[in-house]
K.L.:
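What follows is a structure written as structure tokens; I'll ask about it next.
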There are 2 protein chains.
Amino acid sequence: MTDDLRVLVERLKAVSHPLRLRVLALLEAGELCVCQIAETLEVPQSSVSEALKELRRAGFVVERKEGRWVFVSVVPKKQATPLLKGLLAEAGTLLDIQQDRVRAREVKDLAIQVVCSKVQKAPSANREAVRA
Amino acid sequence: MTDDLRVLVERLKAVSHPLRLRVLALLEAGELCVCQIAETLEVPQSSVSEALKELRRAGFVVERKEGRWVFVSVVPKKQATPLLKGLLAEAGTLLDIQQDRVRAREVKDLAIQVVCSKVQKAPSANREAVRA
DNA sequence: TTTGTTTTTCGATATTTTCCGATATATACT
DNA sequence: AGTATATATCGGAAAATATCGAAAAACAAA
């Protein structure tokens, strides 16, 4: 197997995962920092960090550092491959994804420091949302 | 997680695999029967069968029975989702895939019975090709 | 029904992936 | 320097997936 094929398979694996797919689709609506993603999707911060590592490796997202925060976004449209475009088109139709985006807007309306510090303390699954 | 998201993830998993991706891309060039695929890609016939099961489950390919043979092809273009289109566009640029297609043409030029019976006896990996 | 041929399923093992708490690293502020 | 905060990495057990020979099933022809 040549590298080309291996790379494409790795890229597909990167999005063959509920959390990673949700993160990628979420970012289509605009950049977010790690803790905003964790809060939006209600998953541990370490899981988001690992999901982002894969998405970065696969070339689907890029990051931008601002102070202690890392803001992540989908690669610019110019650089988007046919696969990424098709994938985002398809993911965007899903109810889950649309709901995630609604929730992201709510999280964005909160002060980022509040969101992040809450996420850091939160005991993972089934934890209460910031707004609650 | 709702069904929609789960289904899309399953579809992505189906193609996140070298053999399954090669099979799908190979079929874009036209339908083939199971043993022709096995011979073209030089893998055990049972592996091809299992790969096709996944691709069928994911809705990427359909089958047509003709006598004892099962011919498989990519779903009609009309039914192709954005994801499938993008994926095939991207896969088609890979050298491996193009080479597979060349080899498929050679296999198609042989009598199908010869190909199938050879495949059946062949002891899997590193076996000699029919043409040899 | 018996035989031969193609495809699917099974079995068993090996490998990979997932998951998340705990810990480490990095950066900012005093 | 020390403290606080955000993110990354680690550990390692559980779950999922891959692999392919062998056996079963589906089907045609005799």
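None of the values given here were measured: they were computed from a predicted structure. Just so it is clear: chains get the letters A, B, ... in the order the sequence lines come, proteins before strands, and each one is counted from 1.
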K.L.:
Of all the nucleotides listed (dC19(C), dT8(C), dT7(D)), which has the minimum atom distance to the side chain of Cys116(A)?
P.N.:
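Closest of the options to the side chain of Cys116(A): dT7(D).
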K.L.:
Tell me, with the steps shown, if Arg103(B) and Glu42(B) meet salt bridge (Lys or Arg N to Asp or Glu O under 4.0 Å).
P.N.:
CA-CA 10 Å; Arg103(B) 183 153 168 71; Glu42(B) 297 179 308; 3.7 Å; yes
K.L.:
Counting primed atoms plus P, OP1 and OP2 as sugar-phosphate and everything else as base, spell out the protein contacts along nucleotides 23-30 of chain D at 4.0 Å heavy-atom distance: B, S or - for each nucleotide, 5' to 3'.
P.N.:
---SSS--
K.L.:
Donor-acceptor pair, Arg101(A) side chain versus Leu26(A) backbone, under 3.5 Å?
P.N.:
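Checked: no pair found.
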K.L.:
Rounded to the nearest Å, what distance is computed from the NZ atom of residue Lys118(A) to the P atom of nucleotide dT5(D)?
P.N.:
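So the two atoms are 14 Å apart, to the nearest Å.
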K.L.:
Tell me whether the side-chain N/O atoms of Ser47(A) come closer than 4.0 Å to OP1 or OP2 in dC20(C).
P.N.:
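So the side chain of Ser47(A) is within the cut-off, an N or O lying under 4.0 Å from OP1 or OP2 of dC20(C).
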K.L.:
What integer distance in Å separates Leu52(B):CG from dT7(C):P?
P.N.:
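About 10 Å, once rounded to whole Å.
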K.L.:
In terms of SG positions, are Cys116(B) and Cys33(B) separated by less than 2.5 Å?
P.N.:
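Taking the criterion (SG atoms under 2.5 Å apart), Cys33(B) and Cys116(B) fail it, so no.
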K.L.:
To the nearest Å, how far apart are Glu10(B) CD and dT17(D) C1'?
P.N.:
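About 11 Å, once rounded to whole Å.
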K.L.:
Taking CG from Leu12(B) and P from dT17(D), how many angstroms apart are they, rounded to a whole number?
P.N.:
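So the CG-P distance, Leu12(B) to dT17(D), works out to 13 Å.
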K.L.:
Separation of Arg20(B) atom CZ from dT19(D) atom P, in whole Å?
P.N.:
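About 8 Å, once rounded to whole Å.
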K.L.:
Would you mind reading off the distance between Glu54(A) atom CD and dC19(C) atom C1', rounded to a whole angstrom?
P.N.:
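Rounded to whole Å, this separation is 13 Å.
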K.L.:
Using a 4.0 Å heavy-atom cut-off, does Ser49(A) contact any base of the nucleic acid, only the sugar-phosphate backbone, or nothing at all?
P.N.:
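Counting heavy atoms under 4.0 Å across all strands, the contact made by Ser49(A) includes a base.
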K.L.:
For dT17(C), does either OP1 or OP2 sit under 4.0 Å from a side-chain N or O belonging to Lys13(A)?
P.N.:
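For dT17(C), OP1/OP2 do have a side-chain N/O of Lys13(A) under 4.0 Å.
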K.L.:
Below 4.0 angstrom, N of the basic side chain to O of the carboxylate: do Lys118(A) and Glu39(A) qualify?
P.N.:
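Here Lys118(A) does not pair with Glu39(A) in a salt bridge, since their nearest N and O are not under 4.0 Å apart.
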K.L.:
Want to settle it: does Glu50(A) or Trp69(B) sit nearer the 5' end of DNA chain C, counting the closest nucleotide to each?
P.N.:
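On the 5' side of the pair lies Trp69(B).
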K.L.:
What's the NZ-P distance between Lys53(A) and dT18(C), to the nearest Å?
P.N.:
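Distance check: Lys53(A) NZ to dT18(C) P gives 12 Å.
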K.L.:
Can a donor-acceptor pair be found, under 3.5 Å and without considering hydrogens, that links the side chain of Arg64(A) to the backbone of Phe71(A)?
P.N.:
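Here the side-chain-to-backbone pair does not exist.
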K.L.:
Expressed in angstrom and rounded to an integer, what is the separation of Ile37(A) atom CD1 from dA6(D) atom P?
P.N.:
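Value for this atom pair: 15 Å.
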K.L.:
Strictly distance-based, threshold 3.5 Å: is any side-chain N or O of Thr2(B) a donor or acceptor partner for the main-chain N or O of Asp96(A)?
P.N.:
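Not at all, since once roles are kept as given, no pair shorter than 3.5 Å links the two residues.
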K.L.:
Should Glu106(B) and Lys108(B) count as an ion pair when the cut-off is N to O under 4.0 Å?
P.N.:
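Answer for the salt bridge query: no.
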